[in-house]
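The structure appears below as structure tokens.
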Amino acid sequence: MQTPTYSPTYLAAELRLPTNWLDYTLLGIYFVVVLGIGFAARRSVKTTLDFFLSGRSLPAWVTGLAFISANLAATEILGMAANSAQYGAYTVHWYWIGAIPAMVFLGLVMMPFYYGSKVRSVPEFLLLRFDRGAHLLSSILFAFAAILIAGVNLYALAIVVEALLGWPQWVAIVVAGFFVLAYITLGGLSSAIYNEVLQFFVILAALIPITVLALKKVGGWDGLTDTLSKSHGDDFVTAWGGTGIGDANPLGANWLTIVLGLGFVLSFGYWTTNFAEVQRALSAKNLSAAQRTPLIAAFPKIFIVFLVMIPGLAAAALVPGFGTEESGYQYNDAIPYLMEGLLPNGVLGIAVTGLLAAFMAGMAANVSSFNTVFTTDIWARYVVTDREDGYYVRFGRLITAIGVMASIGTAFLASSFSNIMSYLQTLFSFFNVPMFVVFIIGMFWKRASMKSGFWGLLAGTTAAMINYFVLYKQDIISIPSDQGANFVSAIAGFVAGGVVMVAVSLFTAPKPTEELQGLVYGTRSPGMAEPSAPGDEAWYRKPALLGWGAVVLAAACYIPFSF
């Protein structure tokens with residue numbers, strides 16, 4: 001998941017980095033490699049399956065790293081560090097309860113349905129389970145959300161590059177958009193995925209030195225926690241302190257809304273229905289590899305929280321009142337502040353490259369999922385049907401260019417919001433949560449009728465928007481923060497969508513039982529019985545063991561932060 005609120009969306013002017021020729025050389029090398037991967041991947045693109053799903057040929061370790069890299073956008077890196085500087089150790093909830101359980105559920109429960117049904121996108125699954133109404137509405141909503149989120153990544157990149165390197169915002173937006181357009185247009189999803197694998201390691205190379213040097217600067221973990229306990233109170237370095245029902249805390253949420261709003265509704269809604277993530281698993285070479293994709297990604301996700309949380313905590317410890325007007329820094333200055341003060345040239349170039357790589361990974365994930373949904377679920381299904389395969393590959397490249405141009409436009413739209421991270425969470429509550437409730441009821445209840453998918457999706461989206469824009473924004477109900485409002489909006493959308501689905505199902509005809517094979521839990525299709533690749537009997541290739549291992553490890557990580 002992405003991070004909760006912080007404000008505003010600019011960096012302190014004094015954070016201009018002392019970059020030199022070495023740093024720019026490393027940055028230039030990275031961009032050359034990115035384009036080189038695009039040209040190399042172009043040779044393998046011959047069909048729409050190649051362009052949109054890499055021919056379903058990629059190994060699990062590649063799709064697993066791409067899965068986590070697609071999520072590890074720099075909006076998350078900067079935002080989670082900012083969140084830690086403002087709220088402290090509460091950040092761990094967005095990883096250990098707000099990601100791992102949902103990723104495991106996706107791998108063990110939902111991927112057999114996605115992959116076994118041979119769908120090319122998440123909306124296409126809704127077409128098979130419900131009807132054309134649910135399919136078209138979900139396709140339009142997802143395409144719209146993908147462009148908005150890609151624009152957020154572009155805008156966040158622009159404000160960082162402007163502050164750190166001095167580039168004008170529009171230059172940063174256009175340059176980054178061009179490179180993403182170039183390598184996705186050339187090599188399709190394969191190019192995006194292999195670049196995401198590269199970007200994963202570049203991002204780690206940026207974050208690890210910052211984290212290590214920041215810890216050393218504050219006297220290690222003990223020095224960090226002692227300093228923060230004295231300045232912010234003991235709850236600041238615990239995960240659950242101050243979250244009792246009725247207790248006040250800066251997050252504006254108690255343990256119940258954290259568990260239900262974040263841990264279940266927002267988390268499961270994001271990880272199980274967001275095609276920008278699911279698309280990576282669908283490109284795997286077989287069902288076993290597809291199931292292992294989110295499970296492999298879950299293990300680095302458990303530990304990445306330390307690489308974004310510790311820098312935020314360190315900034316709060318090093319600068320008294322960090323984030324306040326008196327300190328001269330905003331919360332989202334945490335990582336740039338440490339980059340400026342701790343990193344030598346060369347390492348600084350790697351760090352800047354890592355941030356740019358993270359922004360491009362997040363944008364590329366959304367653009368590549370957008371071109372798939374728009375081409376296969378909207379254009380080929382409802383506008384221009386029954387054309388030769390080559391036509392849709394060419395159209396996919398065209399719509400990629402249009403998508404990037406639209407993302408540039410929504411990047412400037414994002415600039416009108418005072419808090420881009422809250423903006424992202426709001427989008428998730430509007431678009432992902434209603435789709436999740438439709439999926440869950442449709443997959444576990446055979447009686448859910450064909451018409452219930454459309455009306456449940458519409459009702460859930462509408463309820464979430466009404467809660468946020470009317471009840472919260474007009475002060476009809478009192479919610480302490482935007483993030484708390486997002487939790488409530490997510491719950492409202494989930495409940496409304498579920499209630500409407502059940503009501504509609506009771507008055508409309510269900511889908512014939514023979515058409516539900518492989519689409520409802522407890523049924524199987526020939527695709528779901530597909531054998532695994534040779535050698536999949538090894539323990540580390542068994543999805544169930546990987547999944548439960550990730551859950552146990554994430555739960556164990558909570559122990560040091562719970563007291």
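Being a predicted model, the structure only gives us computed values, none of them experimental.
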Can Thr372 and Ser121 be counted as having a side-chain donor-acceptor contact under 3.5 angstrom? no
Any side-chain heavy-atom pair of Leu307 and Ile208 under 4.5 Å: yes
Determine whether a donor-acceptor pair (N or O, by modelled atom type, separation under 3.5 Å) exists between the side chain of Ser231 and the backbone of Thr227. yes
Do Thr353 and Ile350 have side chains that get closer than 4.5 Å, going by heavy atoms? no
Would you mind reporting whether Phe299 and Leu546 have side-chain heavy atoms less than 4.5 Å apart? yes
Minimal non-hydrogen separation, Gly396 against Thr400, with atom names: O-OG1, 2.7 Å
Heavy-atom distance under 4.5 Å between the side chains of Met339 and Val352, does that happen here? yes
With a cut-off of 6.0 Å (strictly less than), are more than 12 heavy atoms of other residues, nucleotides or ligands near OH of Tyr24? yes
Hydrogens and angles aside, do His232 and Tyr87 bring a side-chain donor and acceptor to less than 3.5 Å of each other? no
Quick check for you: to the nearest 0.5 Å, what is the distance between Phe67 atom CZ and Arg292 atom CZ? 14.5 Å
Which atom of Gly547 lies closest to which atom of Val104, heavy atoms considered: O-CG2, 3.4 Å
Which of these, Val202, Leu35, Val34, sits in a side-chain contact (heavy atoms from CB on, under 4.5 Å) with Asn195? Val34
Assess the residue pair Thr91 and Ser84 against the criterion (side-chain hydrogen bond (donor to acceptor under 3.5 Å, both in side chains)); give the C-alpha distance rounded to whole Å, side-chain angles, the decisive distance to 0.1 Å, and a yes or no. CA-CA 6 Å; Thr91 300; Ser84 302; 2.9 Å; yes
Test side chain to side chain contact (heavy atoms under 4.5 Å, CB included) applied to Glu196 and Leu65, step by step: CA-CA 7 Å; Glu196 284 161 0; Leu65 291 181; over 6 Å; no
Find the distance between NZ (Lys301) and CG (Leu553) and round it off to the nearest 0.5 Å. 14.5 Å
If you round to the nearest 0.5 Å, how far is CG of Leu295 from CD1 of Ile100? 10.0 Å
Using the rule given for side chain to side chain contact (heavy atoms under 4.5 Å, CB included), can you reason through Leu313 versus Phe236, listing the C-alpha separation, both sets of side-chain angles and the distance that settles it, and then say yes or no? CA-CA 9 Å; Leu313 296 177; Phe236 198 77; 3.8 Å; yes
About how many Å separate CG of Asn486 and CZ of Phe428, when rounded to the nearest 0.5 Å? 10.5 Å
Could you check whether any side-chain heavy atom of Phe200 comes within less than 4.5 Å of a side-chain heavy atom of Ile68, counting everything from C-beta outward? yes
Heavy-atom closest contact (Ala490 atom, Val433 atom, distance): O-CG1, 3.2 Å
Are any of the side-chain heavy atoms of Met309 and Tyr90 separated by less than 4.5 Å? no
Output yes when a side-chain donor or acceptor of Thr238 lies under 3.5 Å from a complementary backbone atom of Asp235, and no otherwise. yes
Distance from Asn274 atom CG to Gln279 atom CD, nearest 0.5 Å? 10.0 Å
Pair Val319-Tyr329, side chain to side chain contact (heavy atoms under 4.5 Å, CB included): steps then yes or no: CA-CA 9 Å; Val319 180; Tyr329 296 101; 4.1 Å; yes
Where do Trp96 and Ile302 come nearest, in terms of heavy atoms and distance? NE1-O, 2.9 Å
Between CG of Leu282 and OG of Ser369, what distance do you get to the nearest 0.5 Å? 11.5 Å
Taking the side chain as C-beta and beyond, is there a heavy-atom pair between Ile97 and Ser267 under 4.5 Å? no
All heavy atoms of Ala284 vs all of Thr293, minimum pair found to be CB-OG1, 4.2 Å
Are any side-chain N or O atoms of His93 and backbone N or O atoms of Ala239, one a donor and one an acceptor, separated by less than 3.5 Å? yes
Measure the shortest side-chain to side-chain distance between Asn71 and Trp271 over non-hydrogen atoms and say whether it is less than 4.5 angstrom. yes
Apply side chain to side chain contact (heavy atoms under 4.5 Å, CB included) to Thr25 and Ile29, showing your working. CA-CA 6 Å; Thr25 299; Ile29 292 173; 4.1 Å; yes
Mind listing the closest non-hydrogen atom pair of Gly151 and Thr410 along with its distance? CA-OG1, 3.2 Å
Please check: side-chain N/O of Thr63 versus main-chain N/O of Ala60, any donor-acceptor pairing under 3.5 Å? yes
